[in-house]
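In what follows, a single structure is set out as C-alpha cells and then discussed.
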Amino acid sequence: MSENVYIADIAKYADKEVQIKGWLYNKRHSGKLWFLQVRDGTGIIQSVVFKGSVSDEVFKNCEELTQESSVTVTGTVSADKRSAIGYEIQVKELEIVSVSEEYPITPKEHGTSFLMDRRHLWLRSSRQHAIISIRHEVIKACRDFFDGRGFTLVDAPVFTPNACEGTSTLFETDYFDTKAFLTQSGQLYMEAGAMAFGKAYCFGPTFRAEKSKTRRHLTEFWMIEPEVAYMDLAGDMDLAENFVEYVVQRVLKNKKSELESLERNLEALQKVIRPFPRISYDEATEILKKAEAEFEYGSDFGGTDETIISEGFDRPVMVHRYPAAIKAFYMKEDPEDTSKALCVDMLAPEGYGEIIGGGQREDDLDILIEKIKKHDLPMEAFNWYLDLRKYGTVPHSGFGMGIERMVSWVCGLSHVRETIPFPRLMHRLSP
RNA sequence: UCCUCGGUAGCUCAAUCGGCAGAGCGGGUGACUGUUAAUCACUAGGUUGUAGGUUCAAGUCCUACCCGAGGAGCCA
C-alpha cells in the first residue's frame with residue numbers, strides 16, 4: 001500500500017511509491033504520454049502517464065480529465081532536472097474522484113473583475129496561493145514579535161457604541177433597540193489594555209465606510225495594534241522599526257520561493273534593516289518644497305506626497321510631529337511646540353505609502369476633556385476612556401499597522417485587494 | 001461625492017472616415033513518447049451593457065441610465 005503524502009514533502013520520498021490526493025491544475029499530452037499537473041494545496045507536481053505503464057482504462061481516463069477535476073494519483077517519485085520542483089511522479093494508478101465541469105479560470109489571461117467575481121476559485125491559482133501564504137507568514141510574524149516581547153493579547157470588540165473619530169466613515173448596524181457601529185480601531189480599548197497589562201496588543205478586522213477607490217483601500221481590513229504604558233514617542237518609533245524589520249526579514253527567510261514566484265525584488269526587502277530614518281513633519285514639507293510638489297503647509301500628505309517623501313530613502317521612513325490640528329483628539333501635544341502632535345506615520349518605500357500610524361496619547365485628564373470639546377465629540381461616550389486618566393494615568397504610546405498594506409508592499413503588488421482572501425471594497429461585497 | 005477611461009464570442013482584445021462581426025486563448029475532433037501558458041490541422045461559437053435618437057446604413061455619432069476600472073479627497 002503506497003503512502004499518502006503531500007507535494008510539499010515530496011523530496012523525502014524519492015524513488016518510493018506514493019499517493020497524492022489533489023486536483024488537476026493543467027494537462028498536456030503527446031501521443032502515448034500524458035503530463036498531468038496535479039496540485040494538492042501544498043504544491044504542484046507533474047505526473048507522467050505513459051501508455052505502456054498503466055492499464056488501458058487509466059490511460060483513457062486521462063482524456064476525460066478536465067481542469068480542476070479531483071484525482072488520486074499513485075506512482076513512483078523520480079528526480080528530474082526538467083521539473084520546477086525537482087521531482088515528478090511516474091504514474092501507476094489514477095483514480096478520478098470527480099470530473100470537474102468546465103472551469104472558468106484558464107491558465108491564460110483574465111481581467112481583475114472577472115477573477116474577483118470568482119474569488120472562491122481564484123484562490124486555487126499559484127499566484128494567489130503565494131500571496132495568501134505570505135499573508136499567513138506576516139500575521140504569524142506579527143504575533144510572534146509581540147508574544148516574544150511580553151505583550152498580552154487583549155482583543156478589542158467589533159461592535160462599538162460610538163465613534164472615536166467621527167461617524168462619517170463608520171458602518172452602522174442595528175443592535176436590539178439601539179444602534180451600534182463596526183469598529184474602525186481598537187486603540188482606545190488597547191489603552192485600557194496597556195493600563196492593565198503594561199504591554200498589550202489586539203489583532204482583528206476593522207471597518208471603514210470610506211468611499212475610497214484606490215489601490216490602498218478596503219472597507220474591511222485587518223489591523224494589529226500594540227499599546228505600551230510608560231512608553232513615549234521615541235520608544236514608539238523604536239518599537240515600530242523593530243517590528244517592521246522583524247516581519248519583513250521573517251518573510252524573506254521563510255517565504256523566499258513565494259516572493260520569487262511573485263517576481264518581487266528581494267534586494268529592496270533585504271535593505272529593510274534598522275535604523276529607519278526619522279524626519280519631522282516640517283522636514284518632510286521641505287522635501288516636498290524642493291520637489292516642487294503642490295502642497296500646502298499644515299495639511300496632511302496625499303498619496304503622491306508620501307511617494308515623493310519616501311523616494312529619498314531605501315527603507316521605511318518615519319515622519320513624526322504632524323500639526324495637531326489635523327490629527328485625532330487623543331494625540332498628545334508636543335510640549336516643545338503645542339501646535340504639533342507627538343505622532344508618527346511610517347511610510348513604506350517604493351511608493352507603498354503609510355503602513356503604520358501611531359503616537360503618544362494624551363494622558364492629562366483636563367487637556368483631554370478640552371480636546372473632546374474642541375472636536376465636538378459627545379463627552380458621555382468617553383466616560384470610560386476618561387477613567388483611564390483619573391485612575392493612575394501614565395504616559396503611553398502605541399500604533400496600528402494595516403496587515404493588507406504590509407502584505408501588499410512585501411509582495412510588491414499593485415493593489416491591496418489580492419492580499420486578503422475575500423476582499424470587501426466599495427463596489428464588492430461578494431463572494 | 002468629484003474627475004478620467006472602459007463595457008464586442010466562455011476569457012483577453014481588434015474592427016481605419018459611419019459601410020460584410022474578427023483574432024488568440026478556452027471548448028470539440030484528429031496527429032504526435034518529454035511536454036511545461038506544449039505544438040500542428042480542422043471545427044462550433046455573436047441580441048456589440050440597457051433604453052431611446054440621428055442616418056440609406058451605427059460596435060462606431062448624440063442623449064439618458066446601468067455596471068466596472070483608475071485616480072482625488074480620507075485613511076491603515
Side-chain angles (χ1 to χ4, degrees), chain A residues 25-38 44-53 59 63 66-67 78 80-85 88 90 101-118 125-127 165-166 168-170 183-187 203-225 240 244 294 299-307 322 326-328 344-348 352-358 399-409 414-417 419-420 425-428:
Chain A
Y25 195 68
N26 199 3
K27 69 173 182 181
R28 286 174 288 277
H29 71 119
S30 180
K32 308 275 188 298
L33 279 170
W34 278 99
F35 301 102
L36 309 177
Q37 310 295 325
V38 176
I44 297 175
I45 193 162
Q46 174 158 279
S47 308
V48 183
V49 185
F50 175 50
K51 191 170 176 140
S53 306
F59 194 79
E63 262 177 54
T66 51
Q67 192 187 351
S78 64
D80 195 305
K81 280 178 192 164
R82 289 166 293 196
S83 160
I85 60 167
E88 54 183 31
Q90 305 300 327
E101 290 182 26
E102 195 180 323
Y103 194 65
I105 301 175
T106 68
K108 299 284 177 174
E109 255 182 297
H110 296 288
T112 306
S113 182
F114 176 85
L115 290 167
M116 272 301 173
D117 284 341
R118 291 154 188 81
S125 68
S126 56
R127 177 184 160 85
E165 298 172 56
S168 61
T169 60
L170 283 168
T183 182
Q184 56 179 0
S185 167
Q187 186 209 306
F203 177 59
T206 48
F207 308 86
R208 305 263 170 105
E210 291 159 359
K211 291 183 177 172
S212 303
K213 287 179 58 182
T214 80
R215 67 188 69 212
R216 303 189 310 281
H217 286 88
L218 297 166
T219 55
E220 178 181 325
F221 65 97
W222 287 65
M223 190 152 67
I224 189 153
E225 294 173 277
V244 170
E294 268 185 54
S299 64
D300 210 346
F301 302 126
T304 33
D305 300 326
E306 287 182 352
T307 303
Y322 284 64
I326 55 168
K327 287 292 175 181
V344 59
D345 282 358
M346 188 189 290
L347 308 181
Y352 279 89
E354 186 181 349
I355 51 169
I356 280 180
F399 61 82
M401 187 189 79
I403 293 293
E404 288 78 14
R405 285 192 181 174
M406 181 76 182
V407 174
S408 182
W409 166 48
S414 58
H415 199 298
V416 292
R417 66 190 155 207
T419 65
I420 185 166
L425 300 146
M426 190 179 158
H427 291 294
R428 179 165 300 281

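Chain identifiers are assigned alphabetically (A, B, ...) following the order of the sequence lines, protein sequences preceding nucleic acid strands; residue numbering begins at 1 within each chain.
- Without hydrogens or angle criteria, A:E88 side chain to A:S83 main chain gives no donor-acceptor distance under 3.5 Å.
- Applying the 4.0 Å criterion to OP1 and OP2 of B:C67, one finds that A:R428 has every side-chain N and O outside that range.
- Here, B:U12 and B:G18 have their C1' atoms 27 Å apart, quoted to the whole Å.
- B:C20 sits 16 Å from B:U48 when the C1' atoms are compared, rounded to a whole Å.
- Rounded to whole Å, the separation between the P atoms of B:G19 and B:A58 comes to 11 Å.
- With rounding to whole Å, A:F301 atom CZ is found 14 Å from B:A76 atom P.
- Under 3.5 Å, the side chains of A:Q187 and A:E225 contain no donor-acceptor pair of N or O atoms.
- In this structure, the CE atom of A:M116 is 17 Å from the C1' atom of B:C67, given to the nearest Å.
- Base contact: A:S30 has a heavy atom under 4.0 Å from a base atom.
- Taking atom C1' on both B:C2 and B:A76, the two are 24 Å apart, rounded to the nearest angstrom.
- Between A:H110 and the phosphate of B:C11, there is no side-chain N or O to OP1/OP2 separation shorter than 4.0 Å.
- Separating the CE atom of A:M223 from the P atom of B:C75 is a distance of 13 Å, rounded to the nearest angstrom.
- The ring of A:F221 lies on top of the base of B:A76, close enough and flat enough: under 5.5 Å between centres, under 30° between planes.
- Among the heavy atoms of the strands lying under 4.0 Å from A:F114 are primed sugar atoms or P, OP1, OP2 only; no base atom is included.
- Rounded to an integer number of Å, the gap from CD of A:E306 to C1' of B:A72 is 14 Å.
- Checked by atom type, the side-chain pair A:S78/A:Q90 shows a donor-acceptor distance below 3.5 Å.
- Under 3.5 Å, the side chain of A:H427 and the base of B:C67 form no donor-acceptor pair of N or O atoms.
- When the C1' atom of B:C75 is taken as reference, atom CD1 of A:I356 falls 15 Å away, rounded to whole Å.
- In this structure, of B:U35, B:C75, B:G26, it is B:C75 that holds the atom nearest to the side chain of A:E210.
- Side-chain atoms of A:H427 and A:L425, non-hydrogen and from C-beta on, never get closer than 4.5 Å to each other.
- Donor-acceptor pairing under 3.5 Å, judged by distance alone, is present between the side chain of A:H217 and the base of B:C75.
- Side-chain contact of A:H415 with A:T419: a donor-acceptor pair under 3.5 Å is absent, judged by distance alone.
- The shortest distance between side-chain heavy atoms of A:W409 and A:V244 falls below 4.5 Å.
- For A:Q67 and B:C11, the CD to P distance is 15 Å, given to the nearest whole Å.
- For A:Q37, the listed nucleotide lying nearest its side chain is B:U35; candidates were B:G34, B:U35, B:A76.
- Comparing B:G6 with B:A15, their P atoms sit 12 Å apart, to the nearest whole Å.
- Atom C1' of B:U43 sits at a distance of 16 Å from the matching atom of B:G24, rounded to the whole Å.
- The same atom, P, is picked in B:U54 and in B:C62; the two are 15 Å apart, to the nearest Å.
- Figure legend. B:C2 is base-paired to B:G71; pairs are counted as Watson-Crick or G-U wobble with both atom distances under 3.5 Å.
- Between the base of B:G34 and the side chain of A:E88 there is a donor-acceptor pair shorter than 3.5 Å.
- A:F50 comes within 4.0 angstrom of a nucleotide base, judged by non-hydrogen atoms across all strands.
- Mapped onto RNA chain B by nearest heavy atom, A:N26 and A:D80 fall at different nucleotides, with A:D80 at the one closer to the 5' end.
- Pairing of B:A41, defined by two Watson-Crick or G-U wobble distances under 3.5 Å, is identified with B:U29.
- Rounding to the nearest 0.5 Å places NZ of A:K27 at 13.5 Å from CZ of A:F35.
- Remark: B:G19 base-pairs with B:C56; criterion is Watson-Crick or G-U wobble with both hydrogen-bond distances under 3.5 Å.
- For B:C25, the base is anti relative to its sugar; the glycosidic angle deviates from 0 by more than 90°.
- Atom C1' of B:A21 sits at a distance of 13 Å from the matching atom of B:U47, rounded to the whole Å.
- The separation between A:M426 atom CE and B:G70 atom P is 12 Å, rounded to whole Å.
- For A:R405 against B:C75, a side-chain N or O and a base N or O form a donor-acceptor pair under 3.5 Å.
- The nucleotide B:C65 finds its pairing partner in B:G49, both defining distances of the Watson-Crick or G-U wobble pair being shorter than 3.5 Å.
- For A:K32, the side-chain atoms get nearest to B:U33 when compared with the rest of B:U33, B:G71, B:C75.
- Here B:G34 is the nucleotide among B:G70, B:G26, B:G34 with the atom lying nearest to any side-chain atom of A:V48.
- Going from atom CG of A:D300 over to atom P of B:A76 covers 9 Å, rounded to whole Å.
- Using a 4.0 Å heavy-atom cutoff across all strands shown, A:E404 reaches no nucleic acid atom at all.
- As judged by a 4.0 angstrom heavy-atom cut-off over every strand, A:G111 is placed among residues touching the sugar-phosphate backbone only.
- Minimum atom distance to the side chain of A:T214 is reached by B:G71, of the listed B:G71, B:C75, B:G34.
- With A:T66 contributing its side chain and A:E102 its backbone, the two residues share no donor-acceptor pair below 3.5 Å.
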